[in-house]
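All residue numbers refer to positions in the sequence shown, counting from 1. The figures here come from the full heavy-atom set of this structure, side chains too, leaving out hydrogens, waters and symmetry mates.
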Amino acid sequence: MTATLLRLLLVIVWLGAACPSLPAFADPAPRTLVRAHLEPAGPVVAGSEVKLVVDLLTTTWFTEAPNWPLFSVADAIVSLPDEQADNLSEDIDGVRWFGVSRAYRIAPQTGKTYDIPPFAITVYPGGTNTPVQVMTPALKLVATVPPGAQDMAVFFPTTKLTATQKIEPSKQQLRVGDSITRTITQSAEGTESMLIPPANLGEVDGLKRYAKPSTTRNIVQDREGLVAGERTDSVTYIADHNGRFKLPPVTIEWWNTKTQKKETIALPGMTFSASTAREKPLFEIPADVMSQGLPHRIIVIHSRQLIAGCAIVLGLLVVAWARGRIVMFLRRAKHRLGDARKRWLESDTVAWRTLCAVARKGEWRQTIPALYRWMDRSGEFGHPARLENLPRKDEPEVAELADAVTAHFAEGVAREFHWKDTETALSRVWKRKQVQRRERAPLPPLNEYQEYRDG
């Protein structure tokens, strides 16, 4: 056995020496493979998401992560979620392949057949120092819309959609060069924000349009998961000349998946005016000053500021001219107010209120002075007022009050009586006395001629 192995080894050495040009054995070059398919593969309803699954395989391994590009498809929204790639390992025709897989999201917006073009992906297989570019296969995606939605510009299905708008500033008069910003926020229930179509904030005649980047956010709760998606579109318009402009109304169409009907949201427009700021120099600058470059200052005024300044100066002049009269008027007004307050405090109305206040408390010692004070100031019960002038015959409550006052002065005791009934009776007596006084008062003369004849 040993001799046989020695002879075989000598034959191999002799062949190597006799044929030095024979190639040596080496590892084969790594092979790459790309696959792509749609999930689901058949027709889908416009507005729903379709997965484009792309598999990248090699016979060795990947030294770096592939460069996943983001491509575009007309009338569709394409995104690549930030998800971890899935690892692959499978046998194909007796060869072991290794790779990764990721899924793009495609949301068709209208009903038609979409052509998904091939796109290049750069991979880095092990066993070679150069990257390799592979092309995905071309695919077709068929999207349909339900009956009644064929005339919709953008088919957007969801269970509930709300929209609000904000226009700042809200005033309808602006200056030329000022800006006005229109912001529309849409919220779709149970739908990712990336699927919400943008609001139609187009051009406006006479205004320069500056669109801001749209913002999206998903409202997620721990237990319920995705609650709603929100999209905000904002555009700023600037008026570059004076005139009257109108932001048109915005109509948002969407498909209600619960009722299977098209619904619309109408957001009102706004009309505003822009005027040119009229500014004029207060003094003309000599031409030689401008030509020689001498120091100067330009004073600019507005017409409203000029009118307001003139009004203030005129008001100050009027106050300075009429200062004496104003001071005299204020003194007279103060004196009259003091006299009026004094007459009010000495009036029968105040005396009556004081009488009622102390009598309701049951303070008998204060009630009697308050009663005489009211009788004196009313002038209906004599000067000085007497208890005998109070009517007792028709008003028993008043008679009871007079007897109680008389007993207090004569016997030094306070009789109990019901003030509530007495207050009502005294009020009737007071009003009756006032009516009698007005009936006794003589009528004033009709004119000066009648007064002269009577005299």
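- Lys261 has no carboxylate O lying under 4.0 Å from a charged side-chain N of Glu263, or vice versa, which leaves the two without a salt bridge.
- Between the side chains of Ser101 and Asp55, at least one donor N or O sits under 3.5 Å from an acceptor N or O.
- Residues Glu230 and Thr216 bring no donor and acceptor atom of their side chains to less than 3.5 Å of each other.
- Side chain of Gln165 to backbone of Pro268: a donor-acceptor contact under 3.5 angstrom is found.
- Within the 3.5 Å criterion, the main-chain N or O of Arg31 finds a donor-acceptor partner in the side chain of Thr59.
- Remark: Arg105 engages Glu83 in a salt bridge, criterion side-chain N to carboxylate O under 4.0 Å.
- Heavy-atom minimum distance, Asp233 versus Ser214: OD1-OG, 2.6 Å.
- For the residue pair Thr164 and Thr185, no side-chain donor N or O sits within less than 3.5 Å of a side-chain acceptor on the partner.
- Taking a cutoff of 4.0 Å between a charged side-chain nitrogen and a carboxylate oxygen, Lys262 and Asp151 qualify as a salt bridge.
- Cation-pi geometry between Lys112 and Tyr114 is satisfied (NZ or CZ under 6.0 Å from the ring centre, within 45° of the ring normal).
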Task: Trace of the salt bridge (charged side-chain N to carboxylate O under 4.0 Å, His left out) decision for Glu49 with Lys51 - done: CA-CA 7 Å; Glu49 280 190 345; Lys51 288 185 179 181; over 6 Å; no

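- Note on Asp339 versus Arg341: no salt bridge recorded, every NZ/NE/NH1/NH2 to OD/OE distance being 4.0 Å or above.
- The nearest pair of heavy atoms linking Pro157 to Gly47 is CD-CA, 3.6 Å.
- For the side-chain contact (heavy atoms from CB on, under 4.5 Å) test with Gln186, the passing option among Thr162, Leu161, Thr232 is Leu161; the others fail.
- Among all heavy-atom pairs drawn from Gly229 and Asn218, the shortest one is CA-OD1, 4.0 Å.
- Sorted by first then second residue, the salt bridge (Lys or Arg N to Asp or Glu O under 4.0 Å) pairs that include residues 236-247, not counting sequence neighbours, number zero.
- For Asp75 and Gln109, the side-chain atoms include no donor-acceptor pair closer than 3.5 Å.
- In this structure Phe329 satisfies the side-chain contact (heavy atoms from CB on, under 4.5 Å) test with no other residue, sequence neighbours excluded.
- Aromatic pair Phe119/Tyr104: centroids less than 6.0 angstrom apart.
- In this structure, a donor-acceptor pair under 3.5 Å is present between the side chains of Thr191 and Thr158.
- For Phe62 and Tyr124, the ring centers sit 6.0 Å or farther from each other.
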